[in-house]
Amino acid sequence: MRRRVKEGVIQVRNPVGVGLGGILALPLRSRGWLLAGAFACAGVLALCVLASVRFGAAEVGTRDVLAAFFAYDGSEEHLIIRTLRVPRALIAALVGASLGVVGALMQGLTRNPLAEPGILGINAGAALAVVATVFVFGASSLAVYAPLAFVGAAVAWAVVHLLGSLGGASPMKLTVAGAALEALFTSLTMALLILSQQTLEEIRFWLAGSVAGRDLGLLLQILPYALAGLTLAFVLGRRVTVLALGEDVAVGLGQRTALTRLAVALAIVLLAGSAVAVAGPIVFAGLVAPHLARFLVGVDYRWILPYSALLGGILLVCADVVGRVVLRPQELPVGVTVALVGAPLFVYLVRWRVRS
Amino acid sequence: MRGRVTVRPAGGRFSLRLDLRAVAALVAIGGVALAGAVANVGYGEYPIAPLDVVRTVLGMETGDASSSFIVNTLRLPRALVALLVGAALAVSGAILQGLTRNDLAAPDIIGINAGAGLAAVALIVVLPSVPAAFVPPAAFVGALAVAALLYAIAWRGDGSPVRLILVGVGLSAVAVSLTTLVITFGEIRQVSQALVWLTGSVYGRSWEQAWSLLPWLAVFVPLALARAPRLNALNLGDEVARGLGVRVERERGLLVLTSVALAASAVATAGTIAFVGLMAPHIARRLAGPSFGGLLPVTAVTGAALVVLSDLLGRVLLPPTEIPCGIVTSIVGAPFFLYLLFRGRKG
C-alpha cells in the first residue's frame, strides 16, 4: 500500500476489506511483470496437465505420452492416455479455472473475503437437485447428473441473487442469503440421505467432488458454457474492480451497478454451474485461488481474474494428481485433496501474511 | 432514558441498568421456551396433558403412576438437553458475532463443529466396535483440538478477529474434507448412522448427558454475561475499546475461550445442530437491541426455544420417523432468518 502512494496512485483500502492483497505490499506491479507472471503461471499449469497425463494408476512412460499423440498405435497405454487421462486433466484444469474465477467474482460482488460457491449456496443447490432426483428416480449416471447439477446451481444462485437484491442490492444481504440457503439446501440433502441409504450409497462419491471417469463428451458438452463464462468474467474485470470499492463509489464513478451485478451474476452461473456439473460440489478451490491471486497482483480484478483462473487450474490439477498418486491404486476424490492441499496453504498465507 | 430502569441499591457499590425491552423479550421468549419444553415432554406415543407434565416435574401427585417414569426418566432429560444445547450454541454465536463484527460468524464457520464432526464420524465409522458413549467425549476433544490449533495458528499477539475467521475457515475445510473422505469410503450402514449424528439430534439423551452439559453452561454463561460491557466496547472496534480502557487482547482471548467451550460442550452432547448459533443472535438482536447486556440472555433463551421447538416439530411431522432436530432447525430456520433480515433492513 505504501508504495502505491509513492507512485501517485490514489490510496484505496483493499476493496475486499480483509483479503490478503490489500494488506500486503504488491510484489508484481508493472504491466510487464504482471504479464510475465501470467505466462509463468500458464507454463506451470501446462506442466501440471502433463504430469496429470503422465502419472496415474496405470504405469505409463513419458515416451508413451508423446507417442500417444504423434505415433498413435491403439495400444492399451495409448488408449488410456487419449480417452481417460487427457480428458481428465483438461477437465480438472477447466473446473479449477472456473472455480477460481467464480470465487474472485463472488468476493468482488459481495465484498466478503470468504465468498465462494461452497458458501453462497450454489454447490448445495446442485447437490440437492442431484440427490433429490436420485432419491425419487433411483440409480443414474454422470451424464444425468451433469445437467441436473447445472440447473440446480443456476436455480440456487438465482434465488440467492433475487433475495440479495430485494429492496436494493447490498453485498451483506447477498452473503447472508447465500449462507442461509446453503444451510437450508444442505440439511434437505442430509434429510434425503438419512431417509434412503440406497441414495447415499449411490451418490456419496459424486458428493465428495471428483473428476474421475469423466469423458471427452462431458467436457465438450460443458465447454461452451465455461468459455462463455470466462470471457464474460474477463470483460467485466474493470467493472468488478470498481464495484468492489463499494456501491457508493461505483455509482459515483458513473457505473450502472445493477447492470454490472446482473452481468457478474450471469458469469457466476455459467462458471459455477459448469464446474459443479462436471466435477460435483468442490469447495475451497474458489476460496484459495483468488486469495493467492490477490497475494500476487493486488486489488485490480483485470489481473485477479485471469490469475485466479490459472491458479485455480493449477490447484485442481495438482490436487487431482496427488489424490491419484498417494494411495495408489486407491484414489482420493479431488474435492477432498483440494481442501487437504489448499487449506494448509491458505492457513499459512493467513498466518504469516495478514496483519490487521 | 426511555425504556430503561436503573437499579442502584443503597451503598452504591454496584448498579444495574435494565433495558425494559430486553426484559420483556426475555420473559416472552423464556415463556415460549418453557411452553415448548412442556409440549415436548407431553408429546409422544403416550401423550400427557401439559398440566400433568408440570405437576409431575414438580413432584406433585397426578393419579397416574407410570407418568412419573415417562416424564422424569425418559422425556425430561431430552427436553432439558435441547434447551441447554440451544442456549449454549446461541450464546457462543452471539459472542463470536460481537467479537468479529461479522453477522455470519458462528461456531460452524470457525471449524468448531467441523472438528467435533470429524472426531465423531471417524469414531462411528472407523471404529464401530467402540460403544456409543465414547462419541460425545471424542467430539468434545475434536472441537477443542480445532480450537487449540486455531489459537496456535491465528494468535500472533494482536489476536486479529479477521485472521481468526480466515484460519478457522481453513481448518474447517480440512476437517470437513477428511469427514467427506470417511463418509465416501466407510461402510454404508455406519455412514448412515454417522450422518444422523452429523445433522444433530437430541434423540434418547439421558440425565447423564444433561448433567454433564450443565456445568459448562453454569460456568461459561455467567462469565459471558459478566463480560457483556467489554463485548459492547469491543464491538465498536479495537481502537475505541482500547480508548474505553478495555484490555483488548486479554478480553478477546477470554471471550473466544467462552464461546469455544460453550459450542464444544453443546456439539459433543447433541451433534452439529446447524443454524442456531447463527440465527438466535439475529432474532434476539431484533427483539432486544444490540447491547450485549440484554442481548446475551435473550439470545440464550431464543436458542433454547429454537432447539426445543425444532425437536418437537421433527417428531410431529412424519411419525413414526423422527427427523433430527438439526435438520428442522435449518429447514424452518433458514426462511425465517431470511425474513427477519429482509424485513429488518428495509429502512
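The figures here come from the full heavy-atom set of this structure, side chains too, leaving out hydrogens, waters and symmetry mates. Order of the sequence lines fixes the chain letters, A, B, ..., with proteins taken first and strands second; residue numbering starts at 1 for each chain.
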Interface moiety of F284(A) toward chain B, non-hydrogen atoms closer than 4.5 Å: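 The side chain, not the backbone.
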Please flag which part of V283(A) lies under 4.5 Å from any non-hydrogen atom of chain B: side chain, backbone, both or neither.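 Neither the backbone nor the side chain of V283(A) comes within 4.5 Å of chain B.
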Residues two or more places apart in sequence or in another chain: which of them pass ring pair (Phe, Tyr, Trp, His ring centres under 6.0 Å) with W197(B)?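 W197(B): no ring pair (Phe, Tyr, Trp, His ring centres under 6.0 Å) contacts found.
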Quick check for you: to the nearest 0.5 Å, what is the distance between [X] atom [atom1] and [Y] atom [atom2]?
| X | Y | atom1 | atom2 | value |
| --- | --- | --- | --- | --- |
| I183(B) | L207(A) | CD1 | CG | 9.0 Å |
| L195(B) | L200(A) | CG | CG | 5.5 Å |
| E201(A) | R189(B) | CD | CZ | 11.0 Å |
| M190(A) | I331(B) | CE | CD1 | 12.0 Å |
| L193(A) | I327(B) | CG | CD1 | 9.0 Å |

Looking at residues at least two apart in the chain, or sitting in another chain, which of them share a side-chain contact (heavy atoms from CB on, under 4.5 Å) with S172(B)?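 side-chain contact (heavy atoms from CB on, under 4.5 Å) list for S172(B), sorted by chain: A114(B), V176(B).
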Could you tell me which portion of I323(B) (side chain, backbone, both or neither) has an atom closer than 4.5 angstrom to a non-hydrogen atom of chain A?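 Neither part.
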State, to 0.1 Å, how close [X] and [Y] come at their nearest heavy-atom pair, and which atoms those are.
| X | Y | value |
| --- | --- | --- |
| P333(A) | T184(B) | CG-CG2, 4.4 Å |
| G186(B) | R204(A) | O-NH1, 2.8 Å |
| S187(A) | S330(B) | OG-CB, 2.9 Å |
| P335(B) | L184(A) | CD-CD1, 4.5 Å |

Using a cut-off of under 4.5 Å on heavy-atom pairs, state which of T186(A), L188(A), I194(A) scores highest against chain B. I194(A)
Within the supplied structure, the quantity of interest is the number of heavy atoms (other residues, nucleotides, ligands) at a distance under 6.0 Å from F185(B) CZ; does it exceed 12? yes
